[in-house]
Amino acid sequence: MFLSVFSMAGCTSVSSVEDIEEVADTQNVMEDDTDEGLIVIGFSQVGAESDWRKANTESMVKTFTREKGYDLILEDAQQKQQNQITAIRTFIQREVDYIVLAPVTEDGWDTVLTEAKDAGIPVIIVDRMVNVSDPELFKCWVGSDFELEGRKACEWLRNYCENKEIAPEEVNIVDIQGTAGASSQIGRTKGLKDAVRANGWNLLEEAAGEYTQAKGREATSRLLRKYDNINVVYCENDNEAFGAIEAIESAGRKVGNNITAGQIMVISFDGVSDQAIEYAKNGKISCIGECNPLHGPRVEKIIQNLQQGVTPDKYEYVDEDIFSGDSTVTSIEVDDSVYTIKILGK
Ligand code: AHR
């Protein structure tokens with residue numbers, strides 16, 4: 001379903017794709033003549049699978065308002081690449097000024113992005129990357145260094161274990177992965193696998209979590225029945241972590257850092273929702289690698305540059321923090337860079 005996001009000024013808060021649909025339902029399509037002079041942006045969003053995604057959609061909607069001279073056409077792909085391809089084709093037919101794509105997975109974009117290029121419509125990629133044969137198929141990308149996020153979280157774990165004198169062979173990890181083939185899944189999984197190899201930890205199993213709470217719970221329940229020695233659940237986002245915590249607690253186990261005394265440590269990514277921050281403060285999540293969803297203003301800057309004929313950087317990585325409620329580890333070092341752990345007070 002295509003949604004043109006109209007006149008958000010009267011709207012108090014747009015916190016989800018559902019809210020946006022409501023706004024679109026109640027505010028009928030404006031006459032074409034009111035669109036004159038607006039920059040028309042077709043935005044193909046992955047879906048609404050996580051708190052991160054909802055915050056990302058909200059950032060785009062709040063940035064690209066009619067008051068500021070934009071007409072944002074938002075399309076929710078419900079986590080299906082085919083829906084994104086259809087959306088892009090419709091954006092091309094509608095002759096939008098820009099296409100912004102938050103791709104569900106990296107592969108499979110050559111054909112449709114060639115169609116956009118042939119139509120002369122600049123494409124901006126946000127969040128996850130695309131793996132295309134010709135880099136000219138998109139103008140630029142802005143998002144996170146997902147592998148670095150994974151490496152930082154694992155370095156926190158290494159430091160924590162060293163500090164508490166936990167031997168590598170005592171660390172038994174399961175990885176609840178994000179959407180298979182998404183850059184965030186690929187990077188965070190690689191960060192973990194490399195650290196497992198380097199540190200001599202045990203990686204018991206990798207399971208699909210699809211970035212949702214339901215899948216995180218389901219996968220963790222199954223793994224807890226299969227292995228009796230899991231003591232670290234590496235969740236590739238916070239929503240999976242919420243599900244994992246539910247599964248751990250309903251199995252009669254305790255979440256926490258004391259992994260040599262029967263507790264199960266949960267590590268996750270994002271740090272967007274109040275619940276995630278609360279869980280980090282009270283130790284239910286031991287460490288969160290931040291993933292920043294606020295790409296709206298970044299994409300706006302790119303579009304403004306393009307409007308003025310300025311070529312944006314091809315790749316723009318966002319700086320991100322790492323959070324914990326535990327002060328055992330105060331800083332970590334990855335690739336000669338030192339990152340201070342943001343210790344969240346109770
Ligand atoms: O690609 C970014 C990831 O996608 C976020 O970590 C996750 O929550 C989201 O669904």
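Counting starts at 1 for both ligands and their atoms, following the listed order.
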Trp52 N/O under 3.5 Å from ligand 1 N/O: no

Glu210 side chain to Gln79 side chain, donor-acceptor N/O pair below 3.5 angstrom: no

Any donor-acceptor N/O pair, Asp134 side chain to Glu136 backbone, under 3.5 Å: yes

N-O pairing of Lys193 and Glu206 below 4.0 Å: yes

Residues Glu236, Arg188: salt bridge by 4.0 Å N-O rule: no

Heavy-atom nearest option to atom 9 (C) of ligand 1, drawn from Gly47, Ser184, Ser50, Ala182: Ser50

Atom 4 (O) of ligand 1: the protein heavy-atom neighbour that sits closest, reported with distance to 0.1 Å: Arg128 NH2, 2.9 Å

Heteroatom proximity flag, Glu236 to ligand 1, N/O under 3.5 Å: no

Ligand 1 N/O within reach of Tyr211 N/O, cut-off under 3.5 Å: no

Numbering as shown, the atoms of ligand 1 that approach Glu49 to under 4.0 Å (heavy-atom distance): 4 (O), 9 (C), 10 (O)

Close approach, Lys54 and ligand 1, non-hydrogen under 4.0 angstrom: no

Salt bridge present between Glu162 and Arg158 (N-O < 4.0 angstrom): yes

Distance from atom 6 (O) of ligand 1 to nearest protein heavy atom, with residue and atom: Asp270 OD1, 2.6 Å

Atom indices of ligand 1, in the order listed, that fall short of 4.0 Å to a heavy atom of Asp127: 1 (O), 2 (C)

Proximity of Glu149 to ligand 1 by residue part, where a heavy atom lies under 4.0 Å: neither

Check ion pair Lys226-Glu205 (N to O, under 4.0 angstrom): yes

Geometric class of the Phe138/Tyr315 ring pair [parallel <30°, tilted 30-60°, perpendicular >60°]: perpendicular

